[in-house]
J.: 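First the structure, then my questions, so here it is.
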Amino acid sequence: MSLDGYIADQHGDISFLKIVEEKGEDYGYQEFFSTIDVVILGRKTWDTILSYNIPQPYEGKQIFVISHTRKGIVGNARYYGKELPALIRKLKAESGLDIFIDGGSQLIHTLLKEHLIDRLTISVIPVLLGSGTPLFRPDVPLQNLRLTQVRNFHTGLVQLEYEVLTEK
């Protein structure tokens, strides 16, 4: 996200991410990606990924694309239009599945509201957009977090990792 909290500008453009692109630097993504089994993302995020013409995005992973208009299975992606919290609970009950959530504020908001996110990793890009699509909606439910790691890179990107503390 931008330093002021946006994941896209006011036109939905994410080209600001290129500010920190550097050949050979993936900011720990491949290491992280090797630990996950399931990818859940919003339809707009999926459409953006598909627009990059990557041959098999998220190859070897179960993919659920949250959409209320599209249905079926395309390649390794399954469109899912039912209740997202139910899907997450079902997947969490299965042994050994690590889930990666990638999407916009509505997707994140729904899961935070249901206390279904265990960890947040936020990469902050050194740019102020001023407006756009926020990572978190203004009415995000109260979440207690514990900072577990901070990584800074010479490109100016800062990566923050938080554990979401469960309600007691």
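We count residues from 1, following the sequence as given. Keep in mind the model is a prediction, meaning the values are calculated, not measured. Just so it is clear, the values below take in all heavy atoms, side chains as well, and ignore hydrogens, waters and symmetry mates.
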J.: Just wondering, more than 12 heavy atoms not from R78 lying within 6.0 Å of its CZ?
T.: no
J.: For a quick test of reading the model, state the closest non-hydrogen atom pair linking L112 to Q143 and the distance between them.
T.: O-NE2, 3.0 Å
J.: Can you measure from CZ (R43) to OG1 (T48) and round to the nearest 0.5 angstrom?
T.: 9.0 Å
J.: Hey, does I88 have a side-chain heavy atom less than 4.5 Å from the side chain of I101?
T.: yes
J.: Answer with yes or no whether the hydrophobic clustering places V39 together with I73; edges join I, L, V, M, F, W, Y residues whose side-chain heavy atoms lie under 4.5 Å apart.
T.: no
J.: Could you pull out the closest heavy-atom pair between S67 and Y79, with the gap in Å?
T.: CB-CD2, 4.0 Å
J.: Among F32, F64, F33, find the residue that satisfies the ring pair (Phe, Tyr, Trp, His ring centres under 6.0 Å) test when tested with F100.
T.: F32
J.: Could you tell me which non-hydrogen atom of G28 sits nearest to which non-hydrogen atom of R151, and how far apart they are?
T.: CA-NH1, 4.1 Å
J.: So does D98 get a backbone contact from the side chain of D37, meaning a donor-acceptor N/O pair under 3.5 Å?
T.: yes
J.: Using side chain to side chain donor-acceptor pair (under 3.5 Å) as the criterion, list what pairs up with D118, not counting sequence neighbours.
T.: K92
J.: Could you check whether the rings of Y58 and W46 sit parallel, tilted or perpendicular, using 30° and 60° as the cut-offs?
T.: parallel
J.: When rounded to the nearest 0.5 angstrom, what distance separates CG in L120 from OH in Y162?
T.: 9.0 Å
J.: Looking at K61, I'd like to know if its NZ atom is crowded, meaning that more than 12 non-hydrogen atoms belonging to other residues, nucleotides or ligands lie closer than 6.0 Å.
T.: yes
J.: Hey, what do you get for CZ (R137) to OG1 (T110), rounding to the nearest 0.5 Å?
T.: 7.0 Å
J.: Give, for atom CG of L87 and atom CG of L91, the distance between the pair rounded to the nearest 0.5 Å.
T.: 4.5 Å
J.: Indicate whether any N or O donor in one side chain lies under 3.5 Å from an N or O acceptor in the other, for E31 and T35.
T.: no
J.: Hey, are E163 and T148 close enough side-chain-wise for a donor-acceptor pair under 3.5 Å?
T.: no
J.: Test side-chain contact (heavy atoms from CB on, under 4.5 Å) on I36 and I99; report intermediate values, then the result.
T.: CA-CA 6 Å; I36 63 167; I99 305 166; over 6 Å; no
J.: For residues D47 and R70, determine if any side-chain heavy atom of one lies less than 4.5 Å from a side-chain heavy atom of the other.
T.: yes
J.: How would you list, by chain and number, every residue that makes a salt bridge (Lys or Arg N to Asp or Glu O under 4.0 Å) with E22, sequence neighbours excluded?
T.: none
J.: Would you tabulate the side-chain donor-acceptor contacts of residues 121-128 under 3.5 Å, counting partners in other chains and residues two or more places apart, or write 'none'?
T.:
residue : atom : partner : partner atom : Å
S123    : OG   : Q159    : NE2          : 3.2

J.: Under a 4.5 Å cut-off applied to non-hydrogen side-chain atoms, are I49 and L41 in contact?
T.: yes
J.: At what distance, to the nearest 0.5 angstrom, does CG of L129 lie from CG of L3?
T.: 9.5 Å
J.: Should L157 and N152 count as side-chain neighbours, where that means a heavy-atom distance under 4.5 Å?
T.: no
J.: For residues H68 and K82, report the shortest heavy-atom separation together with the two atoms involved.
T.: CE1-O, 4.4 Å
J.: For G130, does its backbone N or O pair with a side-chain atom of D4 as donor and acceptor, under 3.5 Å?
T.: yes
J.: With side chains defined as the heavy atoms from C-beta onward, is the minimum distance between E25 and V20 less than 4.5 Å?
T.: no
J.: Could you grab the distance from atom CD1 of I7 to atom OG1 of T45, nearest 0.5 Å is fine?
T.: 6.5 Å
